[in-house]
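As structure tokens, the structure follows; a few thoughts come after it.
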Protein chains: 2
Amino acid sequence: MSDASEKKPSRIQLRNRALILEAALDVFSVHGFRGATLDQIADAAGLSKPNILYYFSGKEEIHTTLLNQLMETWLDPLVEMDADGDPLAELLAYVQRKLDMARDLPRESRLFAGEIITGAPHMLPHLRADLKPLFDEKCAVIQGWMDTGKLAPVDPRHLIFSIWSTTQHYADFAVQVGVLMQTDDAAPGADAYLRALFSNLLNPTP
Amino acid sequence: MSDASEKKPSRIQLRNRALILEAALDVFSVHGFRGATLDQIADAAGLSKPNILYYFSGKEEIHTTLLNQLMETWLDPLVEMDADGDPLAELLAYVQRKLDMARDLPRESRLFAGEIITGAPHMLPHLRADLKPLFDEKCAVIQGWMDTGKLAPVDPRHLIFSIWSTTQHYADFAVQVGVLMQTDDAAPGADAYLRALFSNLLNPTP
DNA sequence: TCACTTTTTGACCAATTGGTAAATACACGA
DNA sequence: TCGTGTATTTACCAATTGGTCAAAAAGTGA
């Protein structure tokens, strides 16, 4: 009663909320918000549907919780790009981090992709409030690098788009990549290829 | 009675089937198969739901019809890549065709992306039967170009992946691109950027 | 104009969906 | 061990969904 909001979540609460979010990530990342059902999530979590609604007020709250958690993780690799580091090394390291993320968190990547494809109904505010300022800031950093001749001059915005698209492709289109590569793990080749792609582009003295 | 199958579609049939497919493309490309409803499609087409089921046997048939039509269009730019042309020019022209397609057919791009993200339940056979052989053939062509020293040597498979991802990004993530570029049309910059990206990579004598 | 076919509609299902309410089972500190 | 708040289940809605069917309403050719 000392606090109007919830006091402290019990062990069971913690475990079950995590269970639900984990299951929901599985389901939402494949079927999208509208295509996913509470029954699917309940099954995947090993809980009953009403029990899920005991922990979350509804389907929407589960989805937005997931999206909010994701936003931090998603922006992090770009945040870490250091304006004071070596330009080419910083950018290549950023590519590597994004590629690692596509490998380690493919469901998150697909959840994000699905949300954007459907017009980002739950994420537009986030994009404007969080992503846009960060994007502008890092574009300015890259532009600065180019202005001092440390990188070949290209449009920083399209550069970032191409980093996002090439890396996330391995998560979002994993099925297609799997069919075409026959081997399950496209990882090693992608690494080397993307490093070549972006260092050839950005090297100031070709 | 001369033919057991349908004879010739009437003017009305032709018009309404086109109307339905057009509406369905709008709806499916945004909400995916499971997220889309027949009512939405009916509304968008300006027809009643039972009337739609008069022209198509069900939701699934509309979707697969759309996907089948798409497959041709989708593969076409790659088909046109000519083994006897100038390697670099052929590849850059391919990039340009894909970029034009992302601009002219964004709904088709999103429909395809959505289908792949959800695990390609309706397209896996197509991918294996149509895309895979074409992909292998063109990879061999590119590898041949590289072997004769006319292109810098990189993995042709990842090269194609990166062409697909960078170009389709402008269709699939249009909302995000719009937020970040503030201008509606990212076209001109993307053109020049991608040309630089791929010619720097592929030029045999940097 | 009139018979005949094609197209469209309105009324209706059965299944699925997100969500609720009340009763029940459980955990756990006193 | 007992009582109390926490978890969970059972039994339900009401709305939406994909789809059916028979009747009505256009078209269409003679």
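Note that the coordinates shown come from a computational prediction; the quantities given were computed from them, not determined experimentally.
When the side-chain nitrogen and oxygen atoms of A/Ser48 are compared with OP1 and OP2 of D/dT9, one or more of them lie within a distance under 4.0 Å. For B/Asn16 and C/dT6, the shortest distance from a side-chain N or O to OP1 or OP2 is not below 4.0 Å.
Ranking D/dG18, C/dA21, C/dT7 by closeness to the B/Asp39 side chain, first place goes to D/dG18. Of all nucleotides listed (C/dG10, D/dT17, C/dG19), D/dT17 comes nearest to the side chain of B/Thr37. Of all nucleotides listed (D/dG18, D/dA7, C/dG19), C/dG19 comes nearest to the side chain of A/Leu38. Checked against C/dT7, C/dC28, C/dG19, the side chain of B/Gln13 finds its nearest nucleotide in C/dT7.
Under a cutoff of 6.0 Å and an axis angle of 45°, B/Arg157 and B/Phe135 do not form a cation-pi pair.
Residue contacts for B/Arg11: at a heavy-atom cut-off of 4.0 Å it reaches no nucleic acid atom on any strand shown. Using a 4.0 Å heavy-atom cutoff across all strands shown, B/Ala42 reaches no nucleic acid atom at all.
The distance between atom NZ of A/Lys59 and atom P of C/dT16, rounded to the nearest whole Å, is 16 Å. Between the C1' atom of D/dG19 and the CD1 atom of B/Ile62 lies a distance of 12 Å, rounded to the nearest Å. Atom pair B/Leu14:CG and D/dG27:P shows a separation of 17 Å (rounding to whole Å applied). Rounded to an integer number of Å, the gap from CZ of B/Arg34 to C1' of C/dA15 is 13 Å. When rounded to the nearest whole Å, the span between CD1 of A/Ile20 and P of C/dG18 equals 14 Å. With rounding to whole Å, A/Arg17 atom CZ is found 15 Å from D/dT6 atom P. At whole-Å resolution of the value, CZ in A/Arg15 and C1' in D/dT8 are 12 Å apart. D/dA15 atom C1' lies 15 Å from atom CD of B/Gln40, rounded to whole Å.
Taking the six-membered ring for Trp and thresholds of 30 and 60 degrees, B/His158 and B/Phe161 have ring planes more than 60 degrees apart, a perpendicular arrangement.
Against DNA chain D, the stretch residues 51-58 of chain B makes heavy-atom approaches under 4.0 Å through B/Leu53, B/Gly58.
Pairs passing the salt bridge (Lys or Arg N to Asp or Glu O under 4.0 Å) check and including a residue from residues 84-102 of chain B, sequence neighbours excluded, read B/Glu80-B/Arg97, B/Asp100-B/Arg103.
In the interface, the side chain of B/Lys49 is paired with the base of D/dG18 through a donor and an acceptor atom under 3.5 Å apart.
When atom types are taken as modelled, the side chain of B/Lys59 and the backbone of B/Ala36 share a donor-acceptor pair closer than 3.5 angstrom. In this structure a side-chain-to-backbone donor-acceptor pair under 3.5 Å is missing from B/Asp76 to B/Glu72.
Checked for salt-bridge contact, B/Arg107 and B/Glu22 meet the test: a charged N lies under 4.0 Å from a carboxylate O.
We find the CG-CE distance between B/Leu134 and B/Met81 to be 8.5 Å, quoted to the nearest 0.5 Å.
Place A/Leu47 and B/Pro50 on DNA chain D by their nearest nucleotides, and A/Leu47 ends up nearer the 5' end.
At least one side-chain heavy atom of B/Trp74 sits under 4.5 Å from a side-chain heavy atom of B/Ser109.
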